[in-house]
K.L.:
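Below is one structure. I have some questions about it.
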Amino acid sequence: MSKRLDENIGAVEYDGLIVNNVPVADVFSVTIRKETAATVLKRGTVLALSGSGTAADGCMVILGTTAASNEVLSANCVLADDVEVGTNANVTALAYRTGHFARNKLIVKNGYTMTATDEEELRKGGILLSDAIEY
């Protein structure tokens, strides 16, 4: 099999999610809580951590999800790749714990608007948001 040096083998398309490489977009593994109906979460979805309260389970849910009784959800990270979440079991996925992202490319639950408190929680963890203009 011959290889040519003058041809493209693959390409990466810029989706506008990451605005700047400072701070570095650091990826880590997260557990996303199973859903009541199967759904696909897209790259750029903001995830909230169920991290406190007696109902907390340490899993991630899409930001804007209604917290269970005695559960506190807080904005935590940004989903790195599309992932299908089913109804039978929690799912492991990759998410950005740090990075600089375009505010207008982030996804939250339908009907929910990201608040200043959400943005502050993300900032505390190392996620910066900017208004980016598309060309």
Side-chain angles (χ1 to χ4, degrees):
M1 179 167 121
S2 66
K3 294 184 181 187
R4 294 180 47 145
L5 298 177
D6 63 344
E7 67 182 345
N8 288 332
I9 296 176
V12 176
E13 291 185 32
Y14 177 67
D15 63 4
L17 179 63
I18 297 176
V19 173
N20 197 329
N21 61 356
V22 177
V24 173
D26 184 36
V27 178
F28 74 125
S29 179
V30 297
T31 302
I32 300 174
R33 185 185 298 157
K34 64 184 176 184
E35 296 277 344
T36 55
T39 187
V40 174
L41 299 180
K42 296 291 194 180
R43 169 180 161 82
T45 298
V46 180
L47 299 175
L49 173 65
S50 171
S52 61
T54 57
D57 60 6
C59 290
M60 300 287 182
V61 296
I62 185 170
L63 183 64
T65 299
T66 303
S69 177
N70 212 0
E71 175 185 44
V72 177
L73 298 173
S74 57
N76 185 273
C77 58
V78 177
L79 193 59
D81 294 308
D82 295 356
V83 64
E84 186 172 344
V85 181
T87 59
N88 294 329
N90 296 337
V91 175
T92 301
L94 294 176
Y96 298 110
R97 74 170 114 214
T98 61
H100 194 158
F101 300 92
R103 187 179 281 109
N104 63 321
K105 295 291 185 176
L106 297 178
I107 302 165
V108 295
K109 193 155 187 94
N110 284 338
Y112 185 78
T113 302
M114 195 176 322
T115 66
T117 301
D118 295 331
E119 290 192 26
E120 180 62 15
E121 287 300 313
L122 291 171
R123 187 198 62 76
K124 285 178 186 176
I127 292 178
L128 303 179
L129 305 180
S130 290
D131 293 321
I133 300 171
E134 292 186 46
Y135 294 100

K.L.:
Side-chain contact test, heavy atoms from C-beta onward, threshold under 4.5 Å: evaluate it for L122 versus M114 and give yes or no.
P.N.:
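In contact.
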
K.L.:
For E119 and A116, indicate whether the former's side chain and the latter's backbone hold a donor-acceptor pair under 3.5 Å.
P.N.:
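No: the side chain of E119 does not pair with the backbone of A116.
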
K.L.:
Quick one: are M60 and N76 in side-chain contact, heavy atoms under 4.5 Å?
P.N.:
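A side-chain contact under 4.5 Å exists here.
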
K.L.:
Just wondering, do V108 and L63 contact through their side chains at under 4.5 Å, heavy atoms?
P.N.:
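Heavy-atom side-chain distance check passes, below 4.5 Å.
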
K.L.:
Can you measure from NZ (K105) to CD1 (I18) and round to the nearest 0.5 angstrom?
P.N.:
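One finds 12.5 Å between NZ of K105 and CD1 of I18.
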
K.L.:
Between L106 and L129, is any pair of side-chain heavy atoms under 4.5 Å apart?
P.N.:
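Touching, per the 4.5 Å side-chain cut-off.
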
K.L.:
Less than 4.5 Å apart, side chain to side chain, heavy atoms only: is that true for L79 and L47?
P.N.:
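Contact flag for L79/L47 side chains = yes.
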
K.L.:
Grouping I, L, V, M, F, W and Y whenever their side-chain heavy atoms are under 4.5 Å apart, do V78 and L41 come out in a common cluster?
P.N.:
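No.
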
K.L.:
Verify the distance criterion only: is there a donor paired with an acceptor across the side chains of E71 and S50 at less than 3.5 Å?
P.N.:
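Present: a donor and an acceptor within the cut-off.
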
K.L.:
Please report the closest heavy-atom contact between A102 and G16, naming both atoms and the distance.
P.N.:
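In terms of heavy atoms, the two residues are closest at CB-O, 3.3 Å.
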
K.L.:
Got a second to check how far D118's CG is from I127's CD1, nearest 0.5 Å?
P.N.:
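Between D118 CG and I127 CD1, I get 11.5 Å after rounding to 0.5 Å.
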
K.L.:
Grouping I, L, V, M, F, W and Y whenever their side-chain heavy atoms are under 4.5 Å apart, do V27 and V46 come out in a common cluster?
P.N.:
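V27 and V46: one cluster.
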
K.L.:
Which residue pairs pass the ring-ring contact (aromatic ring centres under 6.0 Å, His included) test when at least one of the two sits in residues 72-96, sequence neighbours left out?
P.N.:
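For residues 72-96: Y96-F101.
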
K.L.:
Please find the pair of heavy atoms, one from G126 and one from P23, that lie closest to each other, and give the distance.
P.N.:
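Where G126 meets P23 most closely, the heavy atoms are O-CG, 3.7 Å.
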
K.L.:
I need the minimum non-hydrogen distance between T98 and G125, along with the two atoms involved.
P.N.:
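Looking at all heavy atoms of both residues, the closest pair is CG2-O, 3.7 Å.
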
K.L.:
So how far is it from D81 CG to L94 CG, rounded to the nearest 0.5 Å?
P.N.:
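Reported value, rounded in 0.5 Å steps: 6.0 Å.
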
K.L.:
Donor-acceptor check, side chain of T31 to backbone of C59, threshold 3.5 angstrom: yes or no?
P.N.:
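No; zero donor-acceptor contacts below 3.5 Å.
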
K.L.:
Roughly how far apart are R97 CZ and S29 OG, rounded to 0.5 Å?
P.N.:
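Between atom CZ of R97 and atom OG of S29 there are 9.5 Å.
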
K.L.:
I'd like to know whether CG of N110 has more than 12 heavy-atom contacts from other residues, nucleotides or ligands below 6.0 angstrom.
P.N.:
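Incorrect, the count does not exceed 12.
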
K.L.:
Could you give all pairs that pass the ring-ring contact (aromatic ring centres under 6.0 Å, His included) test and reach residues 48-85, with sequence neighbours left out?
P.N.:
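Pairs touching residues 48-85 that pass the test: none.
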
K.L.:
For atom CD of E84, is the number of surrounding heavy atoms from other residues, nucleotides or ligands below 6.0 Å larger than 12?
P.N.:
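It does not: E84 CD has 12 such atoms or fewer within range.
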
K.L.:
Rounded to the nearest 0.5 Å, what separation is found between the NZ atom of K124 and the OG atom of S74?
P.N.:
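With rounding to 0.5 Å, NZ (K124) is 9.0 Å from OG (S74).
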
K.L.:
Given the rule that I, L, V, M, F, W and Y join up when any side-chain heavy atoms are under 4.5 Å apart, are F28 and V91 in one cluster?
P.N.:
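Yes.
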
K.L.:
Going by the salt bridge (charged side-chain N to carboxylate O under 4.0 Å, His left out) test, which pairs reach into residues 34-61, not counting sequence neighbours?
P.N.:
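The answer is D15-R43, R33-D57, K42-D82.
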
K.L.:
Can you name the closest pair of heavy atoms from A93 and I32 and give their distance?
P.N.:
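Where A93 meets I32 most closely, the heavy atoms are CB-CD1, 3.8 Å.
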
